[in-house]
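Residue numbers begin at 1 in each chain, while the letters A, B, ... track the order of the sequences.
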Amino acid sequence: MIKAITGTRDILPQDIPKWKYLENIVNGIFSKFNYKEIRTPIFEETALFARSIGETTDIVSKEMYSFIDRGGTSVTLKPEMTAAVVRALIEHSLEKKQSLNKFFYISPMFRQERPQAGRFRQFHQFGAEVLGSNDPLLDAEIIIMAYDILSSLGLKKIVVKINSLGVPESREKYKLILAEYLKKYHDKLSAQSKKRFDSNILRIFDSKENQDQKIMEHAPLLIEHLDDESLEHFEKVKVALLGANIPFEIDAKLVRGLDYYTHTTFEIVSRSVGSQSALCGGGRYNLLVKELGGGDIPGIGFAAGMERILLACENEKSFSVKEEEIDIYIVTLEKELIQKAYQFAVNLRRSGLIVDLDYLSRSVKAQMREANKASAKFVIFFGGNELNQKEIVMKDMKTGVQVNIKFDDVDKIIFTIKGR
RNA sequence: GUGACCAUAGCUCAGUUGGUUAGAGCAUCUGGUUGUGGCCCAGAAGGUCAUGGGUUCAAAUCCCAUUGGUCACCCCA
């Protein structure tokens with residue numbers, strides 16, 4: 001039997017309603033903040049991601065679905081969206097048509113990691129990107145939208161964590177200070193963290209090893225070594241968040257893995273999912289557009305994992321979607337009438353009702369069971385004596401009440417059913 | 001990439017110290033007098049016990065390999 005590729009999965013009809021519910025909330029909130037949807041191709045030139053995310057990051061160095069196409073170009077299924085949005089901005093000179101661009105997206109992403117709870121190889125993200133302003137109000141706006149979406153879904157066990165990475169110059173200075181501090185403890189670091197010492201020293205803060213955590217407790221923090229401008233920026237973000245009633249924690253250890261971040265970074269984590277607890281994450285990237293060959297355009301954005309969010313929603317039972325109903329199920333009383341019943345059904349559908357009927361020549365009892373299973377609001381019995389009288393019998397499945405209706409009057413009942 | 005655990009019907013799971021024809025609940029299908037659902041009742045269908053090898057008189061059960069899955073590390077949404 002051929003099965004879905006490892007780390008991918010089907011979203012079956014029974015699961016679609018909750019996905020649509022989520023998508024509706026996402027669309028609604030983004031549009032209230034006047035963000036415009038953007039859709040980019042599912043794959044891009046590999047170089048785009050390598051240059052933006054960073055050659056040495058895990059995503060680029062070992063998680064990308066890359067292949068050489070028949071023209072000899074190395075292409076990659078998108079592992080994240082920011083690079084693609086920035087590429088589109090530059091390619092279409094969007095910043096010249098409008099100096100501030102606010103985008104949002106909902107799209108599948110691909111990363112070849114080992115699957116586990118809340119992590120897949122094809123997964124779905126929604127997110128937003130703002131290009132063209134360094135205003136800290138936008139940093140806050142991004143966080144507010146992410147928070148509002150999650151709380152609109154009814155999620156309670158979430159925590160907003162924010163931090164500032166400052167500008168590269170102060171960060172590089174700080175890295176030297178941190179390295180100086182860690183040299184004293186280098187022998188006591190875990191093997192993992194010894195590697196991080198050389199590759200990405202900031203990540204040692206993330207270590208789950210006890211020995212590392214002990215050492216890092218007293219380590220100098222980046223936030224204490226920010227330049228004045230970065231501190232001021234960060235302050236304004238905090239004030240805006242407080243004004244919007246967003247509960248947040250400052251997590252000086254919050255270091256994000258993508259190379260392009262500057263200033264604000266944030267994450268919203270859930271306490272009701274497994275160890276992959278980050279529901280969304282993002283930050284400011286003031287240097288990325290220039291790095292990709294565009295103008296000196298600051299940006300900020302975030303991405304949220306939809307599978308993780310739905311997992312959290314399920315665990316918290318944070319919302320429920322009502323089952324999908326159909327308006328009318330047509331029960332055909334004599335099998336040879338199926339053609340006429342079918343025509344009748346098509347007409348009702350063209351009038352705007354959701355209608356179904358039996359295609360398996362089943363008994364009336366079986367058809368009724370089917371109508372019930374399909375959550376039909378009404379059943380129309382088609383055939384018998386009533387057909388000779390140019391009537392059908394209509395049954396309200398909730399109350400059980402049945403009425404006879406003349407063919408000529410069917411239009412009227414359509415109107416009343418639509419209103420329900 | 002590393003580690004741990006798991007694999008019996010469509011789904012969730014029983015299955016004794018290895019012992020005859022592998023079970024249940026749910027779901028599916030058909031009925032329970034002419035043309036009426038849910039609840040209830042009766043019945044039916046559905047399994048190469050993941051795959052391949054080995055041990056044994058005998059394997060769903062023990063051993064090995066393979067494949068798949070789950071969770072965790074790493075990293076991230």
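- With respect to the salt-bridge test (charged N to carboxylate O, under 4.0 angstrom), the residues A:Lys78 and A:Glu44 do not qualify.
- The base of B:U36 does not come close enough to the side chain of A:Lys365 for any donor and acceptor atom to sit less than 3.5 Å apart.
- With hydrogens and angles ignored, a donor-acceptor pair closer than 3.5 Å exists between the side chain of A:Gln402 and the base of B:U36.
- Scanning atom types as modelled, one donor and one acceptor separated by under 3.5 angstrom connect the side chain of A:Arg308 and the base of B:C76.
- Between A:Glu23 and A:Lys20 there is no salt bridge, since no side-chain N of the basic residue sits under 4.0 Å from a carboxylate O of the acidic one.
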Expected output check: what is the dot-bracket annotation of RNA chain B, where ( ) and [ ] are pairs inside the strand (brackets for crossing ones), | is paired with another strand, and pairs are Watson-Crick or G-U under 3.5 Å?
(((((((..((((.....[...)))).(((((.......))))).....(((((..]....))))))))))))....

List the steps and the verdict of side chain to side chain donor-acceptor pair (under 3.5 Å) for A:Glu141 and A:Tyr35.
CA-CA 11 Å; A:Glu141 181 166 301; A:Tyr35 282 63; 2.7 Å; yes

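- Between the side chain of A:Thr262 and the main chain of A:Asn286, a donor-acceptor pair closer than 3.5 Å is present.
- Both tests pass for A:Arg9 against the ring of A:Phe120: distance under 6.0 Å to the centre and angle within 45° of the axis.
- By the 5.5 Å and 30° criteria, A:Phe123 is stacked with the base of B:A77.
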Can you give one letter per nucleotide of nucleotides 45-52 of chain B, going 5' to 3': B for a protein heavy atom under 4.0 Å from the base, S for sugar-phosphate only, - for none?
--------

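- Comparing B:A50 with B:U12, their P atoms are spaced 15 Å from each other, to the whole Å.
- Between A:Arg119 and A:Glu113, at least one side-chain N (NZ, or NE/NH1/NH2) sits under 4.0 Å from a carboxylate O, which counts as a salt bridge.
- For B:G1, the base has no donor-acceptor partner in the side chain of A:Glu63 [N/O atoms by modelled type, under 3.5 angstrom].
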